[in-house]
K.L.:
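Here it is: the structure, laid out below.
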Amino acid sequence: GGYADTRVSVTPLAGIRELGESLGFSVEYAKGWHILDKPIEGGSRFPVLERAAEENGLGMEEYFDARTPEPVKELNRQLAARRAQRAQLPPPVPRHPVEDPDLDKDGDALWAEALAAAGEADAVIVIAGTDPSVTSEGRDRATLALPYEQDEKIRRLMEINPKVAVVLITSGPVTGRFLSEVPAVLWAAYAGESQGTAIAKALFGLLSPSGHSCETWYNSDEELPPIS
């Protein structure tokens with residue numbers, strides 16, 4: 001878990017650019033939109049557990065307390081004390097920070113640049129997915145929809161250039177109308193430090209992405225079965 005912070009990391013952009021240009025393609029990049037560094041507001045962290053607690057006539061704290069063995073409670077107290085100690089320390093400095101020249105750009109300007117680039121391109125590769133704003137350990141996903149209105153943005157790009165391939169870097173299944181409309185989808189999951197190389201080889205036909213999904217992909221949240 002956590003973010004890769006190593007010299008050998010290959011981002012999707014780096015992998016696609018290196019392989020694409022070696023094959024004679026010109027690869028132009030447009031960021032499109034910013035991501036957040038905090039959870040998106042709205043929705044509960046534990047909607048399933050909250051429903052279970054409510055059905056039992058209990059608050060969340062009471063529900064957890066009634067179901068947690070005493071040894072686990074003691075361990076949780078120790079972990080909470082350690083977290084409180086770490087919170088007093090200054091944050092670590094990234095060893096190999098990723099540079100983002102577009103970090104201070106206005107979001108509307110980024111999106112306009114992406115639309116313009118799509119209109120001039122022979123084909124478009126969209127890197128989309130989830131991030132810690134909507135999914136992380138110890139947090140229920142409130143929806144399978146992609147954050148940052150990515151479904152709408154992908155379909156808008158398709159209106160400008162129908163030759164779109166979407167690479168999904170997600171923690172699991174997602175939903176969106178684009179899935180049934182886009183010509184090509186590559187699910188990369190969270191593929192590790194060299195994911196950019198693997199993604200590029202799949203996109204340019206140097207390997208066959210023949211893995212089998214171990215999860216069910218739904219058309220919408222409404223199709224989800226009861227989950228506990």
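Keep in mind it's a predicted model, so treat the numbers as computed, not measured.
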K.L.:
Rounded at 0.5 Å granularity, tell me how far CG in L79 sits from CZ in R86.
P.N.:
8.0 Å

K.L.:
Treating Ile, Leu, Val, Met, Phe, Trp and Tyr as nodes and any side-chain heavy-atom pair under 4.5 angstrom as an edge, say whether W111 and L146 lie in one connected cluster.
P.N.:
yes

K.L.:
Give a yes or no on whether the backbone of K163 and the side-chain of N161 come within a donor-acceptor separation of less than 3.5 Å.
P.N.:
yes

K.L.:
About how many Å separate CD1 of I199 and CD1 of I127, when rounded to the nearest 0.5 Å?
P.N.:
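CD1 of I199 is found 5.5 Å from CD1 of I127.
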
K.L.:
From the options T143, L168, T135, V134, select the one residue that forms a side chain to side chain contact (heavy atoms under 4.5 Å, CB included) with V174.
P.N.:
L168

K.L.:
Under 4.5 Å between side-chain heavy atoms, counting indirect links through other Ile/Leu/Val/Met/Phe/Trp/Tyr residues: same cluster for V185 and F204 or not?
P.N.:
no

K.L.:
Take E159 and R155, measure what salt bridge (Lys or Arg N to Asp or Glu O under 4.0 Å) needs, and give me the verdict at the end.
P.N.:
CA-CA 6 Å; E159 292 176 0; R155 289 186 284 113; over 6 Å; no

K.L.:
Measure the spacing between OH of Y63 and OG1 of T68 and express it to the nearest 0.5 Å.
P.N.:
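With rounding to 0.5 Å, OH (Y63) is 10.0 Å from OG1 (T68).
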
K.L.:
Take a 6.0 Å sphere around CG of D106 and say whether it holds more than 12 heavy atoms from other residues, nucleotides or ligands.
P.N.:
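Yes - once you tally the heavy atoms of other residues, nucleotides and ligands closer than 6.0 Å, there are more than 12.
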
K.L.:
For a 4.5 angstrom cut-off between non-hydrogen side-chain atoms, does P225 reach Y218?
P.N.:
yes

K.L.:
Going hydrophobic residue to hydrophobic residue with side-chain gaps under 4.5 angstrom, can you get from W217 over to V126?
P.N.:
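They do share one cluster, since a chain of ILVMFWY contacts under 4.5 Å joins W217 to V126.
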
K.L.:
Distance from L115 atom CG to E120 atom CD, nearest 0.5 Å?
P.N.:
11.5 Å

K.L.:
Starting at CZ of R82, measure out to CD of Q78 and round the result to the nearest 0.5 Å.
P.N.:
6.0 Å

K.L.:
Do D102 side-chain atoms and K105 backbone N/O form a donor-acceptor pair below 3.5 Å?
P.N.:
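Not at all, since once roles are kept as given, no pair shorter than 3.5 Å links the two residues.
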
K.L.:
Would you confirm whether E62, through its side chain, and G59, through its main-chain N or O, come within 3.5 Å as a donor-acceptor pair?
P.N.:
yes

K.L.:
Are any of the side-chain nitrogens in R177 or E181 under 4.0 Å away from the carboxylate oxygens of its partner?
P.N.:
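Salt bridge present between R177 and E181.
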
K.L.:
Between the side chain of D151 and the main-chain N/O of F178, is any donor-acceptor distance below 3.5 Å?
P.N.:
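Indeed, once roles are kept as given, a pair shorter than 3.5 Å links the two residues.
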
K.L.:
State plainly whether one hydrophobic cluster holds both L186 and L157, where clusters connect Ile, Leu, Val, Met, Phe, Trp and Tyr through side-chain heavy atoms under 4.5 angstrom apart.
P.N.:
no

K.L.:
Between the main-chain N or O of T197 and the side-chain N or O of S194, is there a donor-acceptor pair closer than 3.5 Å?
P.N.:
no

K.L.:
Is the backbone of N219 close enough, under 3.5 Å, to the side chain of E223 for a donor and an acceptor to pair up by distance?
P.N.:
yes

K.L.:
Give a yes or no on whether L206 and L203 share a hydrophobic cluster (residues Ile, Leu, Val, Met, Phe, Trp, Tyr; joining criterion: side-chain heavy atoms under 4.5 Å apart).
P.N.:
yes

K.L.:
Determine whether H34 and L110 satisfy the following criterion, side chain to side chain contact (heavy atoms under 4.5 Å, CB included), listing intermediate values before the conclusion.
P.N.:
CA-CA 8 Å; H34 292 301; L110 287 178; 3.3 Å; yes

K.L.:
Among T170, I35, I169, which residue meets the side chain to side chain contact (heavy atoms under 4.5 Å, CB included) test with T130?
P.N.:
T170

K.L.:
Donor-acceptor pair, distance only, cut-off 3.5 Å: does the side chain of Q150 make one with the backbone of P147?
P.N.:
yes

